[in-house]
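Below is one structure, written out as structure tokens; comments come after it.
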Amino acid sequence: MQQGKLRPDRAETLARKAVQSNTQFIDELIGIAESTGLTSAAIARFAADTFGHPLFDLTTFDTDQLPSDIIDRKLVGSLRVIALRKRGNRLAVAVSDPTNFQALDQVKFQTQLALDIVVVEHDRLLKLIESAGRSVSESLERLVDDDVNFEDLLGDDAQPQEEASSVEVDDAPVVRFLQKLLLDAISEGASDIHFEPYEKFYRVRFRVDGVLREVAQPPLAIRERLVTRIKVVSKLDISEKRVPQDGRMKLALSGQRAIDFRVSTLPTMFGEKVVMRILDPTQAKMGIDSLGYEPEQRECLVNAIRRPYGMVLVTGPTGSGKTVSLYTCLNLLNQPAVNISTAEDPAEIQLAGINQVNVNEKAGLTFANAMRSFLRQDPDIIMVGEIRDLETADIAIKAAQTGHMVMSTLHTNDAPSTLTRLGHMGVPAFNIVSSIILITAQRLARKLCTCKQPADLSREALLAAGYRDDELDGSWVTYKPVGCDRCKGSGYKGRVGIYEVMPLSEPIQNIILKGGSSLEIAQQAQLDGVKNLRQSGLLKARQGMTSVEEVLGCTND
């Protein structure tokens with residue numbers, strides 16, 4: 001009006017029309033471009049000159065470089081503002097109407113960045129916003145097979161379909177993509193799913209048979225929406241992105257089977273990383289025969305856990321299958337006549353008939369406090385997720401000495417070093433020998449796929465690996481991985497346990513009482529006929545279950 005480009009009465013009419021139709025003034029202005037000559041390009045030039053902002057031509061910009069994840073996608077569409085580039089704490093944003101101060105303030109608040117405003121043509125801005133939103137959905141649609149019949153992703157607070165919010169509807173491709181990933185992970189036997197944000201890309205990896213493998217690189221723009229979806233279903237705080245969070249979610253595969261996921265978020269430089277541990281309750285019900293114990297090892301372990309009192313320890317690094325071994329033992333003992341209580345951080349597999357307690361150190365519920373409460377609950381069998389300190393070890397040992405079977409885990413490399421570790425924690429030697437019945441150390445080795453072929457290993461190589469000379473009689477062969485479609489080219493499919501099952505014999509007890517080292521205990525265990533981890537692994541290789549290279553990679557001499 002001031003520049004004589006528009007009559008006052010026409011301007012007032014357009015303003016009222018914009019309010020009534022819930023549009024923006026610039027939309028109505030361009031709608032009468034034929035009669036006024038105010039085209040999108042003319043308005044952009046006029047706005048840039050009048051309000052002192054640079055004029056920018058979007059046709060010269062590489063749209064693949066748009067940092068579209070900085071401003072929320074819904075804000076981009078409603079506010080008509082799109083981010084062009086971020087440098088330090090400043091963000092260059094493109095607008096066609098620089099008088100829309102409310103929109104700019106909202107973007108500034110959401111991003112917590114200083115804004116550098118550039119003016120662009122209105123019609124080109126709308127096309128860019130539309131294509132940016134469509135490209136994300138189309139990219140996800142390509143990643144998801146439309147003919148897959150997905151089950152519902154359930155939380156305890158799941159809403160009926162007709163009550164789904166507009167957010168759920170808008171994010172339908174993200175929901176289906178997440179469901180597809182979870183189902184793929186389960187079908188491939190993955191133990192963990194990693195969602196990892198980086199500066200230039202976003203990737204998803206599965207841990208299958210102990211090895212991480214990249215399975216997808218979804219568009220970088222969906223990382224916030226994907227994390228938000230996981231957080232909502234896992235009952236985590238979606239507004240808290242500065243500290244790690246832990247939660248659980250459930251995927252219903254059928255009316256009879258559901259898979260739990262333990263969810264952990266971690267703030268990183270470029271967003272929140274999410275790791276989901278797949279907790280399949282059927283693993284604990286496979287039976288002890290399927291875990292890979294040799295017959296004499298299995299008999300020794302079963303005899304130990306069926307004792308009326310004492311302590312059995314399972315040791316090994318993270319991811320070595322300790323939890324599955326303990327749950328398998330508990331499942332063997334789970335009878336109506338027995339009271340079983342467990343303290344875990346957190347309970348990974350839910351078993352009916354067992355009283356499972358999640359440790360919560362912030363609330364004061366530590367392993368030690370849970371153990372004290374168990375002893376007042378008339379227990380027969382107690383399982384402690386991990387012995388981390390002297391207090392927990394002391395209570396567990398006292399429970400084992402007062403008529404309870406106690407099972408727990410410890411992070412040590414082998415069975416003999418577990419005894420010296422307890423001594424270093426401050427547990428008296430006489431308490432160790434009077435309470436501990438058996439220690440089993442374990443590792444998980446990858447099983448050879450059916451595509452395996454005989455390995456051409458020399459006698460010297462087999463001797464160097466640890467085989468005895470009298471074992472190399474030519475009656476057996478070792479195998480090597482090859483690779484096929486079934487094993488995705490790795491040559492391995494599934495995993496098998498390698499165990500060192502060491503009962504505390506009287507000679508070993510005497511070594512402990514004399515303050516002997518783990519080396520002396522290991523030597524005595526060999527004399528007692530206990531196979532160490534390397535020997536057990538080499539036996540698995542001799543049986544054709546795994547390769548010598550795999551055994552050497554997961555065990556020490």
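Bear in mind that the values here come from a model prediction, so they are computed numbers and not experimental data.
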Would you say [X] has more than 12 foreign heavy atoms packed within less than 6.0 Å of its [atom1]?
X	atom1	answer
R307	CZ	no
D485	CG	no
I238	CD1	no
K447	NZ	no
E214	CD	yes

Side-chain ([X]) to main-chain ([Y]) donor-acceptor, under 3.5 angstrom:
X	Y	answer
K452	G544	yes
N331	Y327	no
S417	T412	no
Q535	N532	yes
N369	V359	no
Q442	G316	no
N339	D380	no

The complete set of ring-ring contact (aromatic ring centres under 6.0 Å, His included) pairs with one or both residues in residues 180-203, sequence neighbours excluded, reads Y198-F201
Rounded to the nearest 0.5 Å, how far does [atom2] of [Y] lie from [atom1] of [X]?
X	Y	atom1	atom2	result
K200	F270	NZ	CZ	9.0 Å
Q377	N355	CD	CG	7.5 Å
M311	I436	CE	CD1	6.0 Å
T418	I439	OG1	CD1	5.0 Å
R298	L291	CZ	CG	10.0 Å
T420	H424	OG1	NE2	5.5 Å

So N510 and E506, side chain to side chain donor-acceptor pair (under 3.5 Å) or not? Walk me through it. CA-CA 6 Å; N510 290 332; E506 189 174 336; 4.6 Å; no
Salt bridge check: are [X] and [Y] linked by an N-O gap of less than 4.0 Å?
X	Y	value
E224	K241	yes
K514	E520	no
K231	E240	no
R205	E196	yes
D456	K480	no

Where V243 and T265 come nearest, the two heavy atoms and their spacing: O-OG1, 4.3 Å
Please find the pair of heavy atoms, one from A399 and one from I382, that lie closest to each other, and give the distance. CB-CD1, 4.4 Å
Salt bridge (Lys or Arg N to Asp or Glu O under 4.0 Å) partner of E550, chosen from K540, R446, R443: R446
Measure the acute angle between the ring planes of Y293 and Y499, then classify it against the limits of 30° and 60° as parallel, tilted or perpendicular. parallel
Is there a donor-acceptor contact under 3.5 Å linking the side chains of S434 and Q401? yes
Go through the steps to decide whether D184 and S187 satisfy the test side chain to side chain donor-acceptor pair (under 3.5 Å), and finish with yes or no. CA-CA 5 Å; D184 284 350; S187 66; 4.5 Å; no
Evaluate the side chain to side chain donor-acceptor pair (under 3.5 Å) criterion for residues R534 and T555: first the C-alpha distance (whole Å), next the side-chain angles of each, then the deciding distance (0.1 Å), finally the verdict. CA-CA 6 Å; R534 172 61 61 84; T555 62; 2.8 Å; yes
My understanding is that only residues two or more places apart in sequence, or in another chain, count here; which of them pass salt bridge (charged side-chain N to carboxylate O under 4.0 Å, His left out) with R486? none
